[in-house]
Amino acid sequence: MFKKVLIANRGEIAVRIIRACREMGFASVAVFSDVDRAAMHVSKADEAYHIGPAPASESYLNIERIIATARRCGADAIHPGYGFLSENAAFARACAEAGIKFVGPSAAAMELMGSKTRARQAVQAAGVPFVPGSAKGLSLAEADALAASIGFPVMIKAAAGGGGKGMRLVRSQGELKSAFETAQSEALRAFNNGELYLEKYIENPRHIEIQVLGDEHGNLVYLGERECSVQRRHQKVIEEAPSAVVDEDLRGRMGQIAVQAARSAGYTNAGTVEFLVDAQRNFYFLEMNTRLQVEHPVTELVTGLDLVHLQLRIASGEKLPFRQDDVRIRGHAIECRIYAEDPENNFFPSPGRITRLLQPSGPGIREDTGIYEGWTVPLDYDPLLSKLIAYAPDRAAAIARMRRALDEYFIGGIKTNLPLFRRILENPEFAAARIDTGFLDRLLASAMAGDGSRNGLAEIAAVSAALFAASTPRNGNGGNGKAESAKPGNSNWKRVARSEALRSG
Ligand code: MV4
């Protein structure tokens, strides 16, 4: 087992990994940039080292600096978290060369999955189902001929892309040439690789992904699915486990396919196989993510497993401590991603100082967070503040629990997307699990238009703020001795705002 683990990340995920290290008896090492000296992950770790200025390219993405720091402090492993260097094969290779264990798959497996066309070819033999299309890079002429034979609409995708980057929807033959050319120049600019492939377009699919876990002795298991259809611009907003449309039979079939795909890539450690699922519940392989995902907690809650513990045990060479038959899905978990962004202003990032923070707790509530009252959210990184996760015996109870927790949650001083969750969770379509990747866009469009029966987001925010201000004592300072213009000295604002504004529909 390891003695000391360096966490090459920041925010809530760094805190999450530090906690696992503490539980397992490993010393933890944080790294931080200029603007993160006061960040929560720095104070939670056993040691912390400065790695550079605010821009990620000079700090959290600085491979040499991070390896040098790990060497200097004697770390025997590096956990990359998600984002930053987590899917960077060169970083995994640099760790190996420095004799430091990278907590994740091999550099070769990462590289293979990084190319969507190579990944498709590698898993094809394992009987993995795909959307009709090409498994190799295409010229414009080849794309034209293929699109004509499979029929429009089609999607042009960048082989080096993923997560929605460099994609183009093409509805007719006449649009193909210019879509191909812009996609190619975009891909060249973004990935230094202009390879494009093409697929039949699936209209409003669900996005459902399977968590897999493999040890370094050839054992692989799947840990059920996550429903990730509630998203906006390829940014997930709500995830849940299990999916309401996945029964035992479908879970078994998708799970076995995901394990086969991972096996054919020589995959180890934690990974996620993404699928599109159509209205007839046909499923199609999209891509494999070679990292621990943001939404891993919903899988942890319904399986009772700790994915970060398991990642660390696998990386240290241990065998998986259970078999597929031992994995049971129990209850229902929902996660809300709380972002510092303004839903009233086109979700523009809203960094700044958190002047007041009231966090939910109680039965079935977990919060993975990297924020605290008084901290200033920097504008240099992804604005994810916190993940609020509700767990209950069934989906309806999990929704009720999440709504209760959201009512307890207050973040003052910055704009957040908290009001959006209140609206999603009271939506009848969401309650009935009639969700697909177009759900949130439709909901936001109806909020803009004003559906007559309830307040739009703007009104809810305005009414809440007015009631909050009215219920705040004039000289109240919340008891922390710092002068603030508006601070909730008591909890009246919540009760009033809830009854008067949020429940008025
Ligand atoms: C698609 C698709 C429809 N048909 N491919 C977006 C992210 C990237 N991983 C793949 N994506 C999609 N690929 C075909 N052939 C629709 C999407 C898509 C999507 C997928 C998952 C989650 C949200 C999405 C939102 C819009 C489009």
Side-chain angles (χ1 to χ4, degrees), residues 82-83 87 113-120 123-124 128-136 138 143 146-147 149-172 175-176 179-180 183 186-187 190-191 195-210 225-241 243 245-246 254 258 261 271-291 293-295 298 335 337 347 424 430 434-445:
Y82 54 69
E87 297 184 273
M113 290 305 179
S115 162
K116 307 308 159 189
T117 44
R118 274 187 69 204
R120 204 171 154 148
V123 304
Q124 214 157 28
V128 174
F130 297 102
V131 184
S134 65
K136 65 177 195 63
L138 300 171
L146 183 61
S149 82
I150 64 177
F152 290 89
V154 297
M155 234 174 180
I156 295 175
K157 299 185 177 186
K165 276 174 282 174
M167 286 187 346
R168 274 285 180 293
L169 170 60
V170 186
R171 295 236 172 238
S172 66
E175 296 171 18
L176 193 118
F180 190 95
E186 253 179 46
F191 316 115
E195 186 185 343
L196 301 179
Y197 66 110
L198 184 146
E199 287 178 352
K200 176 92 185 158
Y201 179 63
I202 311 283
E203 207 80 51
N204 285 341
R206 285 177 180 251
H207 175 174
I208 299 178
E209 58 189 29
I210 302 281
E225 77 283 1
R226 292 184 288 260
E227 165 70 69
C228 304
S229 297
V230 180
Q231 56 81 45
R232 186 184 160 273
R233 301 204 177 158
H234 306 300
Q235 175 140 288
K236 292 167 189 164
V237 173
I238 293 186
E239 306 95 347
E240 44 185 316
S243 166
V245 294
V246 177
M254 290 178 79
T272 298
V273 181
E274 284 188 16
F275 294 98
L276 292 182
V277 179
D278 68 17
Q280 290 74 45
R281 299 200 306 160
N282 299 305
F283 63 92
Y284 309 96
F285 174 93
L286 262 192
E287 54 195 66
M288 183 165 188
N289 299 322
T290 61
R291 59 174 188 275
Q293 302 232 158
V294 176
E295 60 271 24
V298 295
E335 172 178 281
R337 294 194 190 187
F347 295 88
I424 295 170
F430 183 83
R434 282 192 290 269
I435 47 177
D436 58 49
T437 52
F439 167 81
L440 189 51
D441 288 338
R442 293 193 295 272
L443 183 80
L444 291 170

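Atoms within each ligand, like the ligands themselves, are counted from 1 in listed order.
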Electrostatic pair [X]-[Y], nearest N-O below 4.0 angstrom:
X	Y	answer
D441	R233	no
R168	E175	no
K236	E295	yes
E287	K157	no

Going by the atom numbers of ligand 1, which of them fall below 4.0 Å from some non-hydrogen atom of [X]?
X	result
E199	5 (N), 14 (C), 15 (N)
V131	15 (N)
T437	22 (C), 23 (C), 24 (C), 25 (C)
Y201	3 (C), 4 (N)

- Message: Please report whether ligand 1 has a polar contact with E287, defined as an N or O pair separated by less than 3.5 Å (distance criterion only).
- Response: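 Yes, there is a polar N/O contact under 3.5 Å.
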Give me the nearest non-hydrogen protein atom to [atom] as residue plus atom name, then the distance to 0.1 Å.
atom	value
atom 8 (C) of ligand 1	G164 N, 3.5 Å
atom 21 (C) of ligand 1	H207 ND1, 3.3 Å
atom 4 (N) of ligand 1	I202 N, 2.9 Å
atom 20 (C) of ligand 1	L276 CD2, 3.8 Å
atom 5 (N) of ligand 1	K157 NZ, 2.8 Å
atom 11 (N) of ligand 1	M167 SD, 3.5 Å
atom 27 (C) of ligand 1	H234 CE1, 3.8 Å
atom 15 (N) of ligand 1	K200 O, 2.7 Å

- Item | Close aromatic pair by centroid cut-off 6.0 Å: F130 and Y284 |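 No; Y284 has its ring centre 6.0 Å or more from that of F130.
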- Query: Is it the case that R120 places NZ or CZ above or below the six-membered ring of Y197, under 6.0 angstrom from the centre and within 45 degrees of the axis?
  - Reply: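 The answer is no, since R120 fails at least one limit relative to Y197.
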- Message: If you define the side chain from C-beta out and look only at heavy atoms, does anything of F430 sit under 4.5 Å from I238?
- Response: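 A side-chain contact under 4.5 Å exists here.
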- Item | Distance-only donor-acceptor check, side chains E225 and S243, under 3.5 Å |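 Result is no, nothing qualifies.
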- Side-chain donor-acceptor pair present, E195, T117, cut-off under 3.5 Å: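 Yes, a side-chain donor-acceptor pair sits under 3.5 Å.
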- Task: Determine the minimum heavy-atom distance between G83 and R291, stating which atoms define it.
- Result: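 Closest pair (atom of G83, atom of R291, distance): N-CD, 4.3 Å.
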- Query: Hey, is E274 one of the residues with a heavy atom under 4.0 angstrom from ligand 1?
  - Reply: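 Yes, E274 has heavy atoms under 4.0 Å from ligand 1.
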- Task: With heavy atoms under 4.0 Å as the rule, classify the contact between E203 and ligand 1 as side chain, backbone, both or neither.
- Result: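 For E203, there is no contact with ligand 1 at all, from either part.
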